[in-house]
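Some notes on the structure that comes next.
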Amino acid sequence: MKKVIFVICDGLGDRPIPELNNQTPLEAAKTPNLDHLVQKGISGAMHAVDIGIRPGSDTSHLAIFGYDPYTYYTGRGPFEVAGAGLELKTGDVAFRVNMGTVDENLNVVDRRAGRIDDTSEFADMFNGTKIDGVEFILKSSIGHRVAMIMRGENLSGDISDCDPHIENAKIKLSQPTKDTPEAKRTAEVLNKFLDMTYQRLKDLPTNKKRQEQGLLPANYFLVRGAGIMPEMPSFKQKYNLNSACIAGGALYRGIAKIVGMDVIDLDPQATGKPDSNLKVKVDKLIEIYNDYDFFLLHFKGTDTLGEDGDWQGKKDFIENKIDPALKPLLDLENSLIVVTADHSTPCALKAHSADDVPITIYSQGIRDDDVEHFNERECARGRLGHIQGRHVMPIVIDLMGLASMFGA
């Protein structure tokens, strides 16, 4: 049986950039190893969720791995929390949080507090806080992120975000999205917590020092993605494959953990940010290659650089980090390699878009096509055609020789 290496380059897709002669960063990058996979494989274009749908990283990953997000998605919070190493209990409501910067009128100045690198002081300050019988459990995650749980009786995930999701907009009070006592109570308690934390954060010595140094203060918990732990079949139950996740970001580790993949501990150099050492991820995969049937290998930097509008950095990350890191995979025997993205993050938008993404599948004995280069426009000409995320795993299972026959 072939071993599957599923490479997801987060936010890889883009749109033409005038400074790159109207090429995307992927088109402009020199990618001999990705091109080798394309030339020996079959390629196409993919919408992770559906045409015209602008997916989040959470919903797109679920869809690609065969979990219908319209059925299984309960909010991003549970995945972020699981990936940060917190354990969810029945009745918990989980959130993803950014440490952000707001002004005195509670208008968002920066949703990532200048991409602050360490949020541990802020998370530790309020971890264990209790308000109206509800305990708040916080843990720092990668970069500007924090994972948070509300734990108590009569809570609900049916509440709105406090994060307005854009800068120069005012913080919102959380509101119940369903007319239930549980949703009303959850929103009220959360709003009390956020008001209390802001009053302490705005005068925190650390933030005063950051301002003196010309840095943005981390003075608000931008809370979003409320949800409860979803119930779903494991990856092993769905596909009978022993699977491992090699990722730095908490969200992706959390998704893998919830679907039952083994989440592999990584060297601290594998940060999940643009400075991440991708080689140590690939080295780890090769080290455990004989122990699993399926590997999720995740690279986050392309998404971060797209959100920053840094088209030069995105091109360089693809050319100087992703492509060289993949070279050792070309020598692995009996492997089936899938390379794609979860969504596009155009530098011009600094946000996700509904644009399709390239996908290529490489394996010995596959019926290849005449695509020569791994990029958005070239792959769209491939024989795989235009597919949705839900099609990917059935195609992979068939190429592994494991598909069940439909009919006699």
Side-chain angles (χ1 to χ4, degrees), residues 56-59 61-62 72-100 116 118-163 171-178 180-198 200-201 218 220-232 247 249-260 263 272:
S57 292
D58 41 20
T59 52
H61 277 76
L62 287 174
Y72 294 110
Y73 185 63
T74 63
R76 180 158 173 166
F79 302 114
E80 201 80 35
V81 162
L86 293 175
E87 295 295 330
L88 283 165
K89 296 182 179 180
T90 301
D92 286 352
V93 181
F95 302 84
R96 64 180 303 214
V97 183
N98 279 13
M99 288 308 306
I116 188 170
D118 184 4
T119 61
S120 57
E121 177 182 357
F122 313 103
D124 292 346
M125 273 183 66
F126 300 105
N127 183 38
T129 297
K130 292 185 178 179
I131 298 176
D132 295 343
V134 177
E135 182 180 10
F136 287 81
I137 302 166
L138 291 87
K139 184 176 180 181
S140 62
S141 187
I142 292 173
H144 56 274
R145 299 174 181 86
V146 174
M148 187 175 86
I149 294 172
M150 290 179 69
R151 178 169 292 165
E153 296 182 357
N154 303 317
L155 299 177
S156 169
D158 297 318
I159 61 172
S160 64
D161 295 346
C162 300
D163 180 1
I171 291 294
K172 303 176 181 180
L173 288 177
S174 181
Q175 302 290 337
T177 56
K178 289 187 178 179
T180 65
E182 293 81 7
K184 292 177 182 177
R185 165 173 157 79
T186 306
E188 288 173 1
V189 176
L190 176 60
N191 289 331
K192 289 181 182 179
F193 174 79
L194 294 176
D195 180 63
M196 181 272 291
T197 55
Y198 169 64
R200 290 184 60 187
L201 286 169
Y220 207 91
F221 288 113
L222 295 175
V223 174
R224 62 198 192 279
I228 60 173
M229 177 69 82
E231 295 182 5
M232 59 179 67
L251 171 66
Y252 318 101
R253 294 168 67 87
I255 292 172
K257 185 176 181 180
I258 287 175
V259 304
V263 179

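Ring geometry, F221 versus F126: the interplanar angle exceeds 60°, so the pair is classed perpendicular (tilted spans 30 to 60°).
The shortest non-hydrogen separation linking Y73 to L62 is CD1-CD1, 4.1 Å. The shortest heavy-atom contact between A123 and L138 is O-CB, 3.7 Å. Summarising the geometry of I258 relative to P230, their closest heavy-atom pair is CG2-CG, 4.2 Å, with the distance given to 0.1 Å. The shortest heavy-atom contact between M196 and I131 is CE-CD1, 4.4 Å. Across every non-hydrogen atom of A94 and L88, the tightest pair is CB-CD2, 3.8 Å. When all heavy atoms of T119 and R145 are compared, the closest pair comes out as OG1-O, 3.0 Å.
With hydrogens and angles disregarded, no donor-acceptor distance shorter than 3.5 Å links the side chain of S160 to the backbone of S174. Looking at K139, its side chain does come within 3.5 Å of a backbone N or O of A84 through a donor-acceptor pair. For the pair T186 (side chain) and S156 (backbone), a donor-acceptor distance under 3.5 Å is present. With hydrogens and angles ignored, the 3.5 Å screen pairs a side-chain donor or acceptor of N191 with a backbone N or O of A187. Judged purely by atom type and a 3.5 angstrom limit, R185 uses its side chain to pair as donor or acceptor with the backbone of E153. The main-chain N or O of G227 is never found under 3.5 Å from a side-chain atom of T74 such that the two would form a donor-acceptor pair.
In this structure, I116 places its CD1 atom where more than 12 heavy-atom neighbours from other residues, nucleotides or ligands lie under 6.0 Å away.
Counting only heavy atoms from C-beta outward, the side chains of K172 and D161 never approach each other to under 4.5 Å. Under the 4.5 Å side-chain criterion, counting only non-hydrogen atoms from C-beta, N127 is in contact with I137. The shortest side-chain heavy-atom distance between L194 and Y220 falls under the 4.5 Å cut-off. In this structure the side chain of N154 never reaches within 4.5 angstrom of the side chain of P181, judged on heavy atoms. The side-chain heavy atoms of S140 and F122, taken from C-beta on, include no pair separated by under 4.5 Å. Annotation: side chain of M99 is in contact with side chain of L201 (closest heavy-atom distance under 4.5 Å). Side-chain contact between F136 and L190: present, with at least one pair of heavy atoms (C-beta onward) separated by less than 4.5 Å. Residues F193 and V223 are not in side-chain contact: their nearest non-hydrogen atoms beyond the backbone lie 4.5 Å or more apart.
We find the OG-CD1 distance between S57 and I255 to be 7.5 Å, quoted to the nearest 0.5 Å. One distance of note links CZ of F79 with CZ of R253; it measures 16.0 Å at 0.5 Å rounding. In this structure, L173 CG and I159 CD1 are separated by 11.5 Å, a value rounded to the nearest 0.5 Å. Summarising the geometry, atom SG belonging to C162 is positioned 9.0 Å from atom CD belonging to Q175; distances are rounded to the nearest 0.5 Å.
Among residues at least two apart or in separate chains, side chain to side chain donor-acceptor pair (under 3.5 Å) pairs with a member in residues 84-99 are E87-K257, D92-R151, N98-R224. Among residue pairs with one or both ends in residues 119-138, those qualifying as salt bridge (charged side-chain N to carboxylate O under 4.0 Å, His left out) are D132-K192; sequence neighbours excluded.
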